[in-house]
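Encoded as structure tokens, the structure appears first; notes follow it.
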Amino acid sequence: MARASLLLALLAVAATAVAGERAPGEPGTATGPPLAAYGNASSVVRRRAAENGLGRTPQMGWNSWNHFACQINEEIIRETADALINTGLAKLGYKYVNIDDCWAEQNRDYQGNMVPHRQTFPSGIKALADYVHAKGLKLGVYSDAGTQTCSLRMPGSLDHEEQDVKTFSSWGVDYLKYDNCNNGGRNVVERYTKMSNAIKKYGKNIFFSLCEWGDNNPATWAGGMGNSWRTTGDIADNWNSMTSRADQNDKWASYAGPGGWNDPDMLEVGNGGMTEAEYRSHFSIWALAKAPLLIGCDVRSMSQETKNIISNSEVIAVNQGNLGVQGKKVQSSNGLEVWAGPLSGNRKAVVLWNRQGYQATITAYWSSVGLPASAAVTVRDLWAHLSSSAQGQISASVAPHDCKMYILTPK
């Protein structure tokens, strides 16, 4: 009875949000309360975190979909694992090597088990997991809370949750991305709860990434189920898609924290659809927003420009900070924006983001970023790797679609 009551309560919260009302605890918009109102861990609205001890900081790694879609095979996965090691990305925290859709045969075997695709993954998933684990990395796979995955090329896990988790665990899988296609209109909370319970029972070391696309506001109900939840539809490799996902994700900032993170989808950096400035903005905002940093390009052949962006250790450190409070948009005026978030030691991470098509000066005021008006700070520029000082505010001229990113440390 208690379980049924809890489910009804979760559905009521989701229904309220779907109806367009602000869910309880949802932060204000950029014109609402400044960051100071949400600037410490105790004032952040947190849902109960998943109890598997995973995701204490946002997950980092690589996913096959954005670049390869269904054109994947075990050789690409092995070579990607090699590349994460050889480029030094693994040492920076990129640990998960995640296979997205299309890795399995269309049909289950006679016992109802998923079967790796015989042509593209002839060695099997366990052999891949062993290869990846030997390099100190982790392997992820993909399934769906429906009868088939989104590609229609492999079965989903709906009504096979426990069986599939047992299979994944036997293979040594460390991560499950769980999509939402072909679900027959069945209740979303029930479907994701079933997989969450199966993982808690048979796959306690599996990071659970819910990919429900944000349709039913999973930030309000997924915190006890998994370690991250999609807040948006799929990202595309263009400016409008990236910026819209940043905005959609922003309103759920107060629901993120250690053990469970808002996910505006994977990184497109290096796939060719945006400029260097736009990719720098993409990476900076994802880092500030404590989004998963899952590389979506071909790391085997990435440019030096791409590597410079995704390997910026100072920006990564903002994403991986132990305070675990998601940064948010705190000033916005005609496409000239300030995003900010608290870090440990009363430091603040700040991004000046120019979403206009012209060069512009952007000013971040201490009252917006959560510092005392008279505070003197050391300013660390995370892209120029230079330090300076400021008091009361910080201003910079920012190129079109580019950003500046800083850490402000009170003196």
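Predicted model, so just to flag it, every value in this text is computed and none were measured.
- By the 30° and 60° cut-offs, the orientation of the rings of Y192 relative to Y178 is perpendicular.
- Taking a cutoff of 4.0 Å between a charged side-chain nitrogen and a carboxylate oxygen, K166 and E162 do not qualify as a salt bridge.
- With salt bridges taken as basic N to acidic carboxylate O contacts below 4.0 Å, one links K194 and D159.
- Scored by the ring-ring contact (aromatic ring centres under 6.0 Å, His included) test, W366 finds no partners at all (sequence neighbours excluded).
- Among pairs with a residue in residues 63-87, those fulfilling salt bridge (Lys or Arg N to Asp or Glu O under 4.0 Å) read E74-R78, E79-R300, D82-K135, at least two apart in sequence or across chains.
- Applying the salt bridge (charged side-chain N to carboxylate O under 4.0 Å, His left out) test to E314 and every residue at least two apart in sequence or in another chain returns R380.
- Partners of K126 under the salt bridge (charged side-chain N to carboxylate O under 4.0 Å, His left out) rule, at least two apart in sequence or in another chain, are D130.
- In this structure, D265 CG and N66 CG are separated by 6.0 Å, a value rounded to the nearest 0.5 Å.
- The aromatic rings of W353 and W239 stand perpendicular to each other, their planes meeting at an angle above 60°, with 30° marking the opposite boundary.
- Taking W286 as the reference, H282 meet the ring-ring contact (aromatic ring centres under 6.0 Å, His included) condition, with sequence neighbours excluded.
- For Q304, the CD atom counts as densely surrounded, since its 6.0 Å shell holds more than 12 non-hydrogen atoms of other residues, nucleotides or ligands.
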I'd like a table of donor-acceptor pairs (distance under 3.5 Å, sequence neighbours excluded) in which one partner is a side-chain atom from residues 403-411, with atom names and distances.
unit_1 : atom_1 : unit_2 : atom_2 : d
K411   : NZ     : S389   : OG     : 2.7

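- Residue W103 forms a ring pair (Phe, Tyr, Trp, His ring centres under 6.0 Å) with just one option from W171, W65, Y142, F68, and that option is W171.
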